[in-house]
**Student:** 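Dropping the structure in here first, questions after.
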Amino acid sequence: MTNEFEVEQEYDASQIQILEGLEAVRKRPGMYIGSTSIRGLHHLVYEILDNSVDEALAGFCDTIVVTLNADGSCSVTDNGRGIPVGIHEKAGIPAVEVVFTILHAGGKFGGGGYKVSGGLHGVGASVVNALSEWLEVEIKHEGKIYKQRYERGKVMYALKIVGDCAEGESGTRVTFFPDREIFEETVFEYDTLADRMREMAFLTAGLKIVLEDDREEKKSNTYHYEGGIREFVSYLNHSKAALYEDVIYCNGEKNGVVVEVAMQHNDAYNESIYSFVNNINTPEGGMHMTGFKNALTKVFNKYARDNKILKDNDTDLSGEDIREGLAAIISVKISDPQFEGQTKQKLGNSEARTAVDAVVTEQLTYFLEQNPQTARIICEKSVQSARARDAARKARDLVRRKGTLDSMNFMGKLWDCNSRNPAECEIFIVEGDSAGGSAKKARNNSTQAILPLRGKILNVEKARLDKILGNEEIKTMISCFGTNIHEEFDISKLRYDKIILMTDADVDGAHISTLLLTFIYRFMPDLIKEGHVYLAQPPLFKVEKGKNVWYAYSDRELEEIMQAIGRDSNNKVQRYKGLGEMDYKQLWETTMDPERRVLKKVLYDEEQAAEIDLTFNVLMGDNVEPRREFIEKNAKYATLDIQ
Ligand code: TTJ
């Protein structure tokens with residue numbers, strides 16, 4: 001039986017091989033797109049989008065429209081040459097059918113160029129097809145509109161002409177509906193896709209990418225940056241105060257590697273440096289990042305000495321000093337990228353180090369000679385950073401010599417646990433002495449340590465290292481965790497498997513948690529990336545009826561309890577204002593007992609690295625305006641705590 005789409009399909013050996021290939025994808029989707037979570041769902045979009053971006057990089061497309069359709073499908077439309085519709089000489093079927101039905105047959109027709117698609121996760125459009133309930137491709141080419149439809153990878157009908165278009169018009173549109181049998185979640189997240197569209201547009205100067213949401217909440221954003229990564233750096237610095245007007249830009253090609261670098265210092269103290277290969281984010285850095293850092297240190301030290309900013313007996317500026325407050329994007333295009341590292345997100349090609357080092361050395365040297373004022377500003381900031389780092393080192397040494405950074409200092413503050421096996425230990429960072437006292441009484445002292453915080457900790461986003469290391473609460477946490485910080489960080493020294501922030505369920509408690517997360521993110525980010533940081537979830541309400549007690553952790557849960565037990569008069573509902581209102585038994589059973597408590601794990605999505613960095617700075621940094629904008633934009637997600 002066939003419907004209007006299906007035709008009686010003769011399956012010869014090649015078709016059977018095609019179906020077996022796509023079946024393999026459906027059997028083990030995680031092997032092809034990493035996971036079937038929301039991240040895997042979004043990778044379907046990136047996989048299709050990358051093909052259109054390749055067409056833009058080849059110079060034949062300048063506009064891509066990504067549409068989240070009301071029916072739950074996603075369309076990607078470009079104005080490129082259009083996927084070829086001619087018969088593929090080896091396969092004996094149209095080239096476009098090869099792209100969508102034969103595994104890894106993607107890539108670009110014709111060699112050369114720097115493919116974005118087929119990169120790190122580049123599995124080819126056929127994988128998207130196999131994991132879609134249906135997929136339709138429409139191509140405008142030489143006055144005709146071609147169309148083909150597939151269902152779970154199976155061809156529904158041969159490529160056919162369905163209409164006419166203007167002679168000179170060309171392009172490709174792919175619409176796919178993710179398979180609900182495969183994906184846990186099939187509702188696309190607009191903001192997540194928007195972040196990647198913005199990043200892709202920054203990385204591809206001149207390319208216009210439009211993201212449209214035609215579902216309930218209709219909206220659209222256009223990302224178009226003629227300045228490319230120079231505008232990316234300005235975006236990274238938009239919530240900070242730049243130290244000089246220009247964004248420093250270097251670009252060139254060396255031994256087949258296309259190099260683009262943009263950088264600008266701001267008045268903050270952390271580095272925001274992101275690297276890409278063929279528009280693919282490389283959070284673990286690699287050879288291109290090494291080449292950049294080598295060139296920067298070499299060029300600025302030479303400039304500082306030649307211009308007597310560094311005296312003969314001064315020690316060299318360190319890379320960290322020069323990169324303090326630096327926002328930078330390193331983008332290289334290379335025809336055969338080798339990905340290494342723990343998550344295969346580190347560039348291994350040594351020619352990229354040579355190329356980036358050469359291009360940046362040559363062009364940065366020229367820029368500094370042409371812009372002595374800017375050069376001096378950067379060198380002097382680096383010298384100040386070196387002095388602050390020395391002061392911090394002296395503070396650390398002094399503190400260590402006084403024995404207050406070793407196991408003695410935090411004895412007065414930390415109620416440690418008896419076990420010395422980090423895998424079973426956890427430390428509660430508790431707001432306030434009264435909650436700290438309850439937590440100490442409540443805890444299992446074999447595996448649970450308690451560190452009470454006296455008041456709000458320093459906002460490290462606005463402070464320099466020497467001041468931060470002079471702060472008692474900060475020093476104590478560094479000592480308690482055991483890993484040290486920054487380049488001396490060693491996760492194997494972590495003394496607790498779980499670092500649990502336990503603060504009041506009110507605005508002040510949220511603020512303290514945010515200050516703590518800022519400190520951990522800026523000084524020991526791998527604690528978050530490796531999944532060691534959690535937020536305790538104390539109850540919001542206690543409901544008593546007769547001898548029975550219930551705890552509610554949200555307004556919705558309170559509602560459910562009230563409906564379940566009835567709302568008669570002898571119900572007593574207590575809204576907890578803080579942890580201190582619970583006695584230690586209640587604190588144990590509701591918030592600390594591993595058998596009964598709920599913890600929120602703080603997650604870190606590498607694909608959102610730049611956005612996370614920016615968000616911390618917007619929320620915790622000096623500039624009020626970007627924070628106000630952020631709050632206005634996100635207020636709808638907040639659950640207001642009206643006292
Ligand atoms: C390659 O060079 C020959 C002419 O066709 C070029 C090409 O493949 N262009 C192209 C492919 N433009 N857009 C695509 C494409 C677009 C989407 C949305 C999805 C896929 C798989 C390919």
Side-chain angles (χ1 to χ4, degrees), residues 18 21-22 25 32-33 42-69 73-91 93-119 121-132 134-150 153 155 159 165 168-178 188 193 196-197 200-201 204 207-212 278-279 335:
I18 285 171
L22 298 184
V25 174
Y32 295 87
I33 54 169
H42 290 146
H43 267 287
L44 300 183
V45 182
Y46 307 150
E47 192 52 50
I48 295 295
L49 173 72
D50 287 353
N51 286 277
S52 297
V53 172
D54 276 345
E55 187 67 355
L57 288 174
F60 295 100
C61 154
D62 62 10
T63 304
I64 300 172
V65 180
V66 178
T67 310
L68 303 180
N69 300 309
S73 65
C74 172
S75 293
V76 178
T77 308
D78 72 38
N79 64 344
R81 291 168 290 182
I83 310 175
V85 294
I87 296 302
H88 189 281
E89 53 189 290
K90 289 203 185 106
I93 54 176
V96 52
E97 192 172 326
V98 170
V99 166
F100 286 101
T101 61
I102 298 179
L103 270 189
H104 304 308
K108 285 300 113 208
F109 303 86
Y114 301 102
K115 289 183 313 169
V116 171
S117 65
H121 298 289
V123 289
S126 54
V127 168
V128 180
N129 193 16
L131 301 178
S132 295
W134 56 265
L135 181 146
E136 289 184 347
V137 57
E138 295 163 280
I139 298 159
K140 289 180 176 172
H141 179 70
E142 293 178 353
K144 298 295 179 194
I145 302 174
Y146 297 78
K147 186 171 181 177
Q148 189 165 33
R149 177 183 171 95
Y150 319 87
V155 172
L159 183 69
C165 65
E169 215 180 338
S170 66
T172 302
R173 168 176 292 137
V174 171
T175 304
F176 66 93
F177 189 98
F188 295 105
L193 293 172
R196 179 58 182 157
M197 301 302 132
M200 193 61 102
T204 319
L207 172 62
K208 183 191 291 182
I209 300 181
V210 181
L211 177 62
E212 297 172 334
N278 297 350
N279 290 8
S335 52

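Counting starts at 1 for both ligands and their atoms, following the listed order.
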**Student:** With a cut-off of 4.0 Å, which atoms of ligand 1 are near a heavy atom of Ser52?
**Tutor:**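 Near Ser52, the atoms of ligand 1 are 16 (C), 17 (C), 18 (C).
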**Student:** Verify whether one side chain among Thr204 and Asn279 offers a donor that lies under 3.5 Å from an acceptor in the other.
**Tutor:**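 On atom types as modelled, these side chains qualify, holding a pair under 3.5 Å.
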**Student:** Between Thr67 and Ser75, does any side-chain donor sit less than 3.5 Å from a side-chain acceptor?
**Tutor:**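 Their side chains do not contain a donor-acceptor pair, so the 3.5 Å distance test is not met.
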**Student:** Short list, please: which atoms of ligand 1 are under 4.0 Å from a heavy atom of Val76?
**Tutor:**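 That gives atoms 18 (C) of ligand 1.
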**Student:** Measure the spacing between CG of Leu44 and SG of Cys74 and express it to the nearest 0.5 Å.
**Tutor:**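 Atom-to-atom, Leu44:CG and Cys74:SG are 9.0 Å apart.
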**Student:** For Asn129 and Thr101, which I'm curious about, is there any donor-acceptor pair between the side chains at under 3.5 Å?
**Tutor:**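 Looking only at side-chain atoms, Thr101 and Asn129 do not form any donor-acceptor pair under 3.5 Å.
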**Student:** For ligand 1, is Ala125 a contact, meaning one of its heavy atoms is under 4.0 Å away?
**Tutor:**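 In this structure, Ala125 qualifies as a contact of ligand 1 - some heavy atom is under 4.0 Å.
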**Student:** Against ligand 1, does Gly171 come closer than 4.0 Å with any heavy atom?
**Tutor:**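 Heavy atoms of Gly171 never come under 4.0 Å of ligand 1.
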**Student:** Measure the shortest side-chain to side-chain distance between Val128 and Phe100 over non-hydrogen atoms and say whether it is less than 4.5 angstrom.
**Tutor:**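 Counting from C-beta outward, Val128 and Phe100 never come under 4.5 Å.
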**Student:** Going by atom types only, do Tyr146 and Gln148 share a side-chain donor-acceptor pair under 3.5 Å?
**Tutor:**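 On atom types as modelled, these side chains do not qualify, holding no pair under 3.5 Å.
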**Student:** Taking only heavy atoms of Val174 into account, list the atoms of ligand 1 that are under 4.0 Å away from them.
**Tutor:**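 So the answer, numbered in order with elements, is 17 (C), 18 (C), 19 (C).
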**Student:** Quick check on contacts: which atoms of ligand 1 are under 4.0 angstrom from a heavy atom of Asn51?
**Tutor:**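 What qualifies from ligand 1 is 15 (C), 19 (C), 20 (C), 21 (C), 22 (C).
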**Student:** What atoms in ligand 1 come closer than 4.0 Å to a heavy atom of Ile83?
**Tutor:**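 Listed by number with element: 11 (C), 14 (C), 15 (C), 20 (C), 22 (C).
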